[in-house]
Amino acid sequence: MLPVSGLRGLRLKQPCSYRFASPSVAGTRVASRPVRVKMSAGAVASVDETLKVYHLNKLDASQLKTVLARPRIDFSSILNTVAPIVEKVRQEGDDAVKEFTSRFDRVNLQSVCVRIEDLPDPVLPKDITDAFDVAYANIKAFHEAQQQQRPLEVETMPGVKCRRVTRPIGAVGVYVPGGTAVLPSSTLMLSVPARIAGCQTIVMATPPRPDGNITPEVLYCAKKAGVTHVLKAGGAQAVAAMAWGTGSCPKVDKILGPGNQYVTAAKMLLQNSEAMVAIDMPAGPSEVLVIADAAAPLPHVAADLLSQAEHGPDSQVVLVALPGVDLAGLQAEVRRQCDALPRNETARKALSHSYVVQVSSREEACSFSNMYAPEHLIVNVEDAESWLPHLDNAGSVFLGRWTPESVGDYASGTNHVLPTYGYARMYSGVSLDSFQKKMTVQSLSYEGLQNLGPSVAKMAEVEGLEAHRRAVTLRLGMA
C-alpha cells in the first residue's frame, strides 16, 4: 500500500501529475449536489460528493474496462526527477543523503545511518507499548507458522535425489514511511518476518523528525523486531542509500515496504540497475473493495470504505452492493462519517474517483472482485466463509461482519504490505518467503547416473551441446 506520506522526502516546484482513470461513463462527473445522470448503458447513476453508482449488468465491455481502471500516476516525469537523486547518492554516498534530507525535509543530519543499539530506548506510555506488543506477538506467531518444517526431498528415480532448501537473504532494507502519519505498524510488518527468516542485516529507513531523531514509536518497534541499522532518511535518497550502500549504510540485497510515488519510482529504477537489488512488488495507492449484503450495517460499511479513503487523495474505494443494500442511506452515512474525520479533505478527494457497483448475485460479486483484484477485500455478508472458494485475486481478505480491514493493517498477524493496482492477480503480499530464497540440490549415485545419464546425453546431442554430453559420457565410459 502507499501511505499518507504524499511528497515526504521529495518536494518539487511543480506538483506531480496524476491521471485519474476514474470510473466516469459517458461524461458522468462528481458534482457538489446530488443529481441524476443518464448513462449510455441505460443505467441511472446517483452522483454526489461521495460515490458514483454503476449497475454491473448494464455496463458493456468498454465501460467495464473504464470502471475497473485505477487512478494512474505519471511515472515518466517522476522517474526523471528520481534518477538524478539516485545517481548522486551512488556517487557521493552519505553527503548526498544529508544534502537531500536538508533540502527536502529541512533536517540537518549529524549522522545518516547508525546501529540500533547506539540509540537510546524510547520512553512511551504503557498503553501504547502494550498495543505494539500485542501486534508483535500476533505477527510473529503468524509468520513463524510459515516456516518450512523440513526440506523438500524427492528421489525422482533410483539413485537420483533432488532437494530444495531455504536460505535467508543476507541483507534487507525495510522502508517505513514518515510523511504526515507515523507508521510503526509497517516497522513490525517488515522487520518481524525478516528476523524470523534469519536475515543478518536489517536496515530500516524512515524519515527523521525535525530534531534529526526517529519517531519514538517507530524506534520502539524497530528495537523489538530486531532491526540492526537505522537510516535516518526517507524518499528516493533513502532507497538509493540502501541499494548502493554508503559509508555508514550497509548495501542491501532486497528492499521492501510501502512508500509514496517517489519511493516506488526509486525502487523500480534501482531493481533494473547495476545496484543488483531486488524489490518486493510493484506498488500503488491504497485501495479496498467491500462486498456487502442487505444485512451489513451501513455504519460499518461506510467506516470500512473511509478507512482506506483517508490514506491519500489517490486511494480508491469500491463497494460491491448485493440486492437490498440501502444506497441512499449508505451515501448519507459516508458523508456523515467523512465530515467527522480529521483527514476529511483527503478522504473526499479519494471518494471523488471511487464508486459503487450494484450486482444481483454472489457470482457477479465475486466475478467483479476477481477482475478488480483489490489490495484489501472485505466480505461483509452472511456466511462469508462460503464465499472464499470463489475469490481468487486479492492481497488480503477480511471475512465476516466482525473483521474490519483495520485489524489486518495493525495486529491480526497477517502482513499489511500488499499488492495494489490489480497486481494481486499475479503477486502475493509480503510474507516470510519475501525474506528468503530457495536453492535446489541434486545428488546422484553411480547407479543414478547410469539410469539417468543416457537420456541426458541424448538430449545434449539433440541440442548440439557436446561438452554437456561429454560431462556425462566421460563419467560412464561411454563413447
Side-chain angles (χ1 to χ4, degrees), residues 22-25 28 30-31 34-39 41-59 63-64 67-68 287-310 315-340 347-348 350-388 390-391 394 397-406:
S22 58
S24 57
V25 178
T28 299
V30 174
V35 296
R36 293 176 70 81
V37 178
K38 291 280 186 177
M39 296 195 300
V44 178
S46 172
V47 182
D48 61 16
E49 64 182 356
T50 51
L51 298 167
K52 297 178 268 302
V53 178
Y54 301 104
H55 300 265
L56 183 60
N57 60 8
K58 295 183 179 180
L59 297 175
Q63 292 168 333
L64 179 60
V67 169
L68 288 168
E287 60 195 26
V288 67
L289 186 147
V290 179
I291 300 175
D293 62 13
L298 296 184
H300 298 180
V301 175
D304 287 339
L305 294 170
L306 290 167
S307 70
Q308 290 305 300
E310 72 174 353
S315 297
Q316 187 173 67
V317 303
V318 176
L319 171 64
V320 175
L322 288 156
V325 173
D326 178 7
L327 293 184
L330 174 71
Q331 299 276 25
E333 184 65 27
V334 169
R335 285 194 296 271
R336 185 188 68 79
Q337 290 192 31
C338 185
D339 288 343
R348 286 192 187 100
L351 291 171
S352 71
H353 45 269
S354 299
Y355 56 93
V356 178
V357 173
Q358 289 185 295
V359 298
S360 60
S361 65
R362 179 171 74 177
E363 290 70 27
E364 284 189 359
C366 292
S367 175
F368 183 84
S369 178
N370 287 333
M371 287 187 286
Y372 187 85
E375 176 189 17
H376 306 99
L377 171 58
I378 298 173
V379 186
N380 192 339
V381 301
E382 194 66 31
D383 191 20
E385 188 69 38
S386 69
W387 286 56
L388 188 58
H390 306 279
L391 298 168
V397 181
F398 302 81
L399 289 177
R401 308 287 193 208
W402 305 106
T403 317
E405 184 272 332
S406 308

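From a predicted model like this one, the values you see are computed outputs, not experimental measurements. The basis for the numbers below is simple: all heavy atoms, side chains too, and nothing from hydrogens, waters or symmetry mates.
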Audit row: Leu51, Leu305, side-chain contact (heavy atoms from CB on, under 4.5 Å) steps and yes/no: CA-CA 10 Å; Leu51 298 167; Leu305 294 170; 4.1 Å; yes
Arg401/Asp293 salt bridge by N-O under 4.0 Å criterion: yes
Side chain to side chain, Pro374 and Val318, heavy atoms closer than 4.5 Å: no
Closest approach of Val334 to Ala302 (non-hydrogen atoms, all atoms of both residues): CG2-CB, 3.7 Å
Heavy-atom donor-acceptor pair, Glu385 side chain to Leu399 backbone, under 3.5 Å: no
From Leu68 atom CG to Leu64 atom CG, the distance as rounded to the nearest 0.5 Å: 4.5 Å
Any donor-acceptor pair under 3.5 Å from Glu375 side chain to Glu287 backbone: yes
Side chain His353, main chain Ser315, donor-acceptor under 3.5 Å: yes
Tyr355 side chain vs Val67 backbone, donor-acceptor pair below 3.5 Å: yes
Verdict with supporting geometry, Ile291 and Leu322, side-chain contact (heavy atoms from CB on, under 4.5 Å): CA-CA 8 Å; Ile291 300 175; Leu322 288 156; 4.2 Å; yes
Donor-acceptor contact present, side-chain Lys52 to main-chain Val357, <3.5 Å: no
Atom pair CZ/CD of Phe368 and Gln358 - distance to nearest 0.5 Å: 12.5 Å
Backbone N/O of Phe398 and side chain of Asn380: donor-acceptor pair under 3.5 Å: no
Close side-chain approach of Asp339 to Arg348, heavy-atom, < 4.5 Å: yes
Pair Leu377-Ser369, side-chain contact (heavy atoms from CB on, under 4.5 Å): steps then yes or no: CA-CA 8 Å; Leu377 171 58; Ser369 178; 3.5 Å; yes
For the student: nearest non-hydrogen atoms of Val317 and Ala309, plus distance: CG1-N, 3.7 Å
Asp304 versus Val288, closest heavy-atom pair with distance: O-CG1, 4.0 Å
